[in-house]
> 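Supplied in structure tokens, the structure appears directly below.
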Amino acid sequence: MSVGDLQLGAALCPPPGAAVYQLGTRCLPWDHQASLVLEFARSRGVEPAVLLEAAGLAPAASISPRELLALLAALQRLMPDADTPFVLGQLSLPGHCGLPSHALAQADDLRAALRLLCAHSARLSPLLTPRLIERPDELILVWTDACGLGAAQRGFVVDMQMSAVTALCRWRGGQVLPWRYSFNRTRPRDLAQHAVFLGADLRFGCQFDAMRLPLSAPMRWPAGHGMAAAALASGADPASGARGLLAALYDWLLPRHREAPPLDAAAAAFGVSAATLKRHLAAHGTHYQAEVDLVRGHVALYLMLLEGRGSEAVAAALGFQDRSNFRRSFKRWTGLLPALIR
Amino acid sequence: MKASSLFGPSRLRPPAFAPVLGVGHFGHALALAMALQLLAFALAADAKPVMQWSGTDIAGEGSLVAMAAVWLAQLRASRPGGRVTDWLCVGLAGLLLGQWADLLDEFWRLPKAVVWDNVLESTLLPLGALCLTIGLHHWRLEQRALGEQLVKRERLFREHRSVDAVTQLGDAGYMAAQIAIEQQQGRPGALVMLALEDGVGEGAGEGAGTLAGIARDHGLAEADRLLQALTHLLLLNLRAQDLLCRYAGDRFCVLMPGIAGTDAAAAAAAHLAGAVASLAHHGAAGLCVRPHARAVAMSIDPALPPQDQLLALARRLAV
């Protein structure tokens, strides 16, 4: 494994052993995301009771990611306005999620804020797991599924989270940062909301949902005192470091991208039987091979696009014996041939 | 004004029925009148044997009664109370009662000496139709008055799905469609786009004068109220043939037909930015925002797709 691969693994994954939550795990306190959504709806004229009824939810101490998705789906139905995910996102960070929110608001600089966001994503972004790649010349925030998102809601949640980070940076820094956005979906007909709430540099039809920030731009950021971050570092909110099942599997697979271990090995690592892991993945709308392919595809793209490696080197890094096998696999992962990626 | 009243009733509440002639329980009164008619028939007339019932007549007249009731309910659910609603509802009520008497006729036979049922049918139906006609006439006048309010918000065609919920302006898609019409006609015109910049807000924190800053510090409803104030202000500063739309977020765009040349367009943009700078928006709890706007302008490009022209303006504002 090369130096570049090692860096990638360390940067994108939390230390192993984080708690895992699933779609049905009631891990989201009511006063975090749920009350944010209800308050947003209320201030735009939709009664919270009506929204809850449409989502089939009753107030509870905590809700699960599945119930949060149902709430967002109801919001999409009742408030189909194009700016709904963006405005909701603007209001969602630093948010009201206890220590992680405080730490985010007190972060010393942008880099520290993004690191906090990634390390405590179970609180700050429970549906979509952000991963920060820190390169000498740019920061890249890649968004991967925490627990799986249906095709109908993926765009909504991605827009919401990207708008959240963009607005947080703008609020703290008091300036518009030159973020560049990539979306793993086709270009919408109208880009007005994206252009205004995110920025003008938008690319659709990409392999990742990611935000890139060149570090050449000057970045203002008010100094913070970092008290909440220190408390978090000493383990004050251990649940904030939990990972969604798919994110945890991604974390486990990424350092093993070369050997692509079989299902049994992954199940053993998670302490369940192969049949149970299979069933859990099916409940999250995916299967094991798809997740392996996703990780290996991401690694291949990382090496080609950011490290500038040739097909041969990438094939070797992923454990392929010959190039034609790699070409075939790459085509299956990304729908493109390696030569077209450049 | 309360926040909820700005946006009207919430979107899924069961409809509230408008009062008719000041009577909130108009529906109940109507039901009572129908019950009295029924009682009168039951007391004064002889029931027809089932063999003499005419299926087609009952179905035809019954469905007219049902339809009149549905129209009445829809009308009251979709209109505010007032003169036009009164005329239309009284007219429909007349039709409904007349038709009801007609329907009851199918089940009971009145003695020859009784004339009130004929009077009922032959007066209620035409009187109802007359009231309905008068109501429709007033409705047209009302529409004309409303249309004057909508000048500068819509042109040529109406598309309710393109209306922004906060400002009641057309959205980016509506603007693009309007630009396309101008392109087809080959007319010159200017496009202006405005964005709020960090102004002077009497509140602490960075970005206190931006829309996102106000939403953060004072709540989303307060930010939406500023957008509504800006909408009114910009409408006052436009010519009758101009069209104002909300592009997205804090961006407004204006289509100005007939303005040719970059200088004229830039002057129009500067005027609108100046108008925004003159605004002092007073919100709740002593909040006072003096917004600043930046405006950019361009002439309509006859070849470029409208959405791309708007995007180009948005890009220029983002720098």
Side-chain angles (χ1 to χ4, degrees), chain A residues 36 39-51 53-54 74 77-84 86-95 105 163-164 166-168 170-179 187-202 220-222, chain B residues 2-14 161-166 171-176 193 195-198 205-208 210-213 215-217 219-225 245-253 306-308 310-319:
Chain A
L36 174 83
E39 169 58 22
F40 167 75
R42 194 197 57 76
S43 62
R44 287 245 159 126
V46 175
E47 289 300 322
V50 173
L51 185 61
E53 197 189 323
R77 273 201 311 281
L78 294 185
M79 302 173 66
D81 316 68
D83 67 351
T84 298
F86 297 94
V87 177
L88 183 60
Q90 274 191 334
L91 299 172
S92 71
L93 285 181
S163 165
T166 308
L168 175 78
R170 183 164 184 196
W171 171 60
R172 290 301 286 158
Q175 63 178 354
V176 179
L177 292 177
W179 285 105
R187 185 184 191 275
R189 208 170 57 82
D190 195 348
L191 288 181
Q193 309 293 334
H194 288 87
V196 170
F197 284 94
L198 302 180
D201 197 334
L202 304 160
R220 285 188 283 145
W221 199 273
Chain B
K2 272 173 58 190
S4 56
S5 65
L6 284 168
F7 305 109
S10 79
R11 303 177 197 193
L12 264 196
R13 212 177 284 163
R161 284 171 305 181
S162 285
V163 175
D164 173 60
V166 174
D171 63 7
Y174 187 76
M175 177 56 94
M193 191 177 286
L196 282 191
E197 298 223 296
D198 203 354
E206 289 276 4
T210 64
L211 210 55
R216 223 175 254 285
D217 295 340
L220 183 60
E222 201 58 60
D224 286 346
R225 269 196 285 278
C245 287
R246 182 175 177 211
Y247 184 62
D250 61 354
R251 308 282 167 89
F252 290 91
C253 51
Q307 249 125 4
D308 292 353
L310 291 169
L311 206 55
L313 281 174
R315 285 214 166 94
R316 276 169 58 193
L317 277 174
V319 181

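Note on naming: letters A, B, ... go to the chains in the order of the sequence lines (proteins, then strands), and numbering restarts at 1 for each one.
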> Taking L311(B), D250(B), L220(B) one by one, which has the highest count of heavy-atom pairs under 4.5 Å against chain A?
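With the most close heavy-atom pairs to chain A, the winner is L220(B).
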> Work out which heavy atom in Q193(A) is nearest to a heavy atom in Y247(B); give both atom names and the distance.
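Taking Q193(A) first and Y247(B) second, the nearest heavy atoms are NE2-O, 3.9 Å.
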> What closest approach, in Å, do A172(B) and D190(A) show between heavy atoms, and which atom pair accounts for it?
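Scanning both residues completely, I find the closest heavy atoms to be CB-OD2, 3.3 Å.
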> Please examine the side chains of Q90(A) and L211(B), heavy atoms only from C-beta on, and report whether any two atoms are closer than 4.5 Å.
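No; the side chains remain at least 4.5 Å from each other.
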> If you look at every heavy atom in R251(B) and V196(A), which pair is closest and at what distance?
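So the minimum-distance heavy-atom pair works out to CG-CG2, 3.3 Å.
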> Can you list everything that forms a salt bridge (Lys or Arg N to Asp or Glu O under 4.0 Å) with D164(B)? Sequence neighbours excluded, please.
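Residues passing salt bridge (Lys or Arg N to Asp or Glu O under 4.0 Å) with D164(B): R246(B).
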> Please examine the side chains of Q307(B) and R189(A), heavy atoms only from C-beta on, and report whether any two atoms are closer than 4.5 Å.
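They are in contact (side-chain heavy atoms under 4.5 Å apart), so the answer is yes.
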> Can you tell me how far CG of L202(A) sits from CZ of R315(B), rounded to the nearest 0.5 angstrom?
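Answer for the CZ-CG pair, R315(B) versus L202(A), is 7.0 Å.
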> With a 4.5 angstrom heavy-atom cut-off, which part of L91(A) approaches chain B: side chain, backbone, both or neither?
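Just the side chain, heavy atoms under 4.5 Å.
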> Which heavy atom of A221(B) sits nearest to which heavy atom of S43(A), and what is that distance?
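In this case the closest contact between A221(B) and S43(A) is N-CB, 4.2 Å.
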> L310(B) versus chain A, heavy atoms under 4.5 Å apart: side chain, backbone, both or neither?
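Neither part.
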> Which bit of L88(A) comes within less than 4.5 Å of chain B, counting heavy atoms only: side chain, backbone, both or neither?
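Nothing of L88(A), per the 4.5 Å heavy-atom cut-off to chain B.
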